Protein chains: 2
Amino acid sequence: MTVPLGRRERKKAATRQKIADTALRLFLERGYEAVGIRDVAAEADVAVTTLFSHFASKEALVFERDDDFEQRLTGAVTDRAPGEPLVPALRREVRSMVRHCAADGAAPIFRMIDESPALREYEESMRLRHAESLAAAIGADPGLSRGTTADRAMARFVIDAYSLARAASDPDTALDEIFRMIEAAWAVARPSGDSTGDSTGEAGL
Amino acid sequence: MTVPLGRRERKKAATRQKIADTALRLFLERGYEAVGIRDVAAEADVAVTTLFSHFASKEALVFERDDDFEQRLTGAVTDRAPGEPLVPALRREVRSMVRHCAADGAAPIFRMIDESPALREYEESMRLRHAESLAAAIGADPGLSRGTTADRAMARFVIDAYSLARAASDPDTALDEIFRMIEAAWAVARPSGDSTGDSTGEAGL
DNA sequence: CTCCAAAACACTAACCGTTAGTGCTACGGT
DNA sequence: ACCGTAGCACTAACGGTTAGTGTTTTGGAG
């Protein structure tokens with residue numbers, strides 16, 4: 001577990017990285033839709049099947065580092081300062097993510113995403129998966145969880161905030177506004193019936 | 001506009017309906033993924049290109065009547081009883097929609113959707129389009145709109161409620177819980193900066 | 001009624017993302 | 001030094017989708 005990366009794994013990682021770099025370069029040069037999988041494979045000097053053994057789909061080439069996003073979200077919940085309330089921690093993290101999208105280095109990539117329906121669609125369904133993880137992270141904290149349904153709703157709202165803020169002309173203001181709404185929603189979240197299956201004995205109030 | 005449908009349009013509509021009916025029948029008989037476009041076209045006795053002139057994609061065959069969904073949502077906003085608040089009207093409409101999904105007639109279709117990743121993904125991105133329409137409907141009512149950002153967030157939350165309730169083991173309870181959160185969120189929605197680009201002279205307060 | 005422009009429809013052939021099938025080769029553990 | 005595994009390659013195909021082209025149907029104008 002202590003990173004005993006052998007030659008094989010290093011080579012594999014190198015191949016993966018080479019494919020991702022090549023793909024991103026070609027996409028930015030010629031446009032996402034104008035570049036075919038066969039082009040990327042040829043330019044990266046690998047077979048098409050090899051490319052698909054590293055990436056599940058063409059879109060996945062663009063969101064190579066999407067695990068980071070997921071881990072930052074769940075980390076904001078699990079690693080927050082002791083006693084810190086949930087919503088501000090999430091807001092801080094989401095704000096940082098949104099800003100990163102507009103940073104000089106990442107901006108062209110996100111412009112490309114916004115211009116391609118296929119990529120936008122892929123990103124949204126990726127975010128939905130992230131929401132599931134976030135909901136699980138919230139639900140795993142006994143002092144936090146307010147029932148499966150409320151946790152899931154919360155996670156969705158947070159993802160919505162990210163999505164909407166990124167698309168807004170003034171992301172910071174939009175984010176503040178949406179998180180004010182989220183804060184209010186979370187404040188009243190308190191299951192009444194809770195027939196969601198995980199009756200873990202609500203230690204509420 | 002008073003339905004002066006000529007023979008041509010009637011024939012066209014009939015062809016479209018025949019394709020949709022055939023497709024749904026085949027999908028339910030053999031499973032969505034097991035049926036190819038060429039199968040549907042052959043069974044409906046049309047050319048593949050004709051099929052695609054009526055439906056934009058294979059998935060669209062399943063969600064043939066998705067306009068209804070959109071219009072019911074926006075209608076719940078625009079046609080609500082005078083003086084009725086927004087949130088209860090939306091909750092009523094969404095509840096009715098969720099129940100319809102579980103009704104005997106529609107249940108097999110929605111089970112098929114839930115079992116196919118392609119269909120689930122398509123549905124989610126369809127809902128996102130519906131959310132845009134809903135946000136526009138809310139924004140179009142001067143007595144309702146609380147700014148572009150809040151309206152959009154609200155629309156997303158409502159779509160989330162639908163999605164989550166449909167997946168919940170007890171949809172009715174889940175819907176109540178989420179809408180309690182939505183109600184609270186809407187209550188605090190009030191733009192402060194509002195530099196969302198459409199500065200149409202905010203008649204606020 | 002006749003003729004025209006438009007639109008629906010058909011057919012072929014292909015494009016593109018993706019996968020199955022089949023090996024070969026190089027690496028890591030023993 | 002050896003063997004099992006896993007990474008990689010290649011061919012060929014599948015399935016959704018579209019371009020290109022030509023034919024039929026239809027509603028409307030004269």
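Proteins come first, then strands; the chains are lettered A, B, ... in the order of their sequence lines, and each starts at number 1. Because the structure is predicted, anything quoted here is derived from the model rather than measured. Values below: all heavy atoms of this structure, side chains included; hydrogens, waters and symmetry mates excluded.
Between D/dC8 and A/Thr15, a contact under 4.0 Å exists linking OP1 or OP2 to a side-chain N or O. The side chain of B/Thr50 places no N or O atom within less than 4.0 Å of a non-bridging phosphate oxygen (OP1 or OP2) of C/dA8. Look at B/His54 and you won't find any side-chain N or O under 4.0 angstrom from OP1 or OP2 of C/dA8.
At a threshold of 4.0 Å, the pair A/Asp68-A/Arg65 counts as salt-bridged, since one of the basic side-chain nitrogens sits closer than that to a carboxylate oxygen.
Rounded to whole angstrom, the span from the NZ atom of A/Lys11 across to the P atom of C/dA26 amounts to 8 Å. B/Phe55 places its CZ atom 14 Å from the P atom of C/dA8, with the value rounded to the nearest Å. Between A/Leu26 atom CG and C/dG17 atom P the separation is 12 Å, expressed in whole Å. Here the P atom of nucleotide C/dC16 and the CG atom of A/Asp39 are 8 Å apart, to the nearest Å. At whole-Å resolution of the value, NZ in B/Lys18 and C1' in C/dA8 are 15 Å apart. Look at CD1 on A/Ile19: it is 12 Å from P on D/dG7, rounded to the nearest Å.
Residue contacts for B/Asp45: at a heavy-atom cut-off of 4.0 Å it reaches the sugar-phosphate backbone alone, with no base atom in range.
Two residues are said to be in side-chain contact when any heavy atoms from C-beta on lie closer than 4.5 Å; B/Leu90 and B/Leu134 meet this criterion. Inter-residue side-chain proximity for A/Met126 and A/Glu59 is flagged as unmet; no heavy-atom pair is nearer than 4.5 Å.
Of the candidates C/dA8, C/dA10, D/dG7, C/dA8 carries the atom nearest the B/Lys12 side chain, counting heavy atoms from C-beta on.
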Whether each nucleotide of nucleotides 12-17 of chain D has a protein heavy atom under 4.0 Å at its base (B), only at its sugar-phosphate (S) or at neither (-) is summarised, 5' to 3', as -B-SBB
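Taking the ring centre of B/Phe52 as origin, the terminal cationic atom of B/Lys58 falls outside the region bounded by 6.0 Å and 45° from the ring axis. The cationic atom of A/Arg127 (NZ for Lys, CZ for Arg) lies less than 6.0 Å from the six-membered ring centre of A/Phe69 and within 45° of the ring axis.
Of the possible donor and acceptor atoms, none in the side chain of A/Ser116 sits under 3.5 Å from a partner among the backbone N and O of A/Met112.
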Going through the distances and angles, do A/Arg120 and B/Ser125 end up as a side chain to side chain donor-acceptor pair (under 3.5 Å)?
CA-CA 9 Å; A/Arg120 276 218 305 271; B/Ser125 84; over 6 Å; no
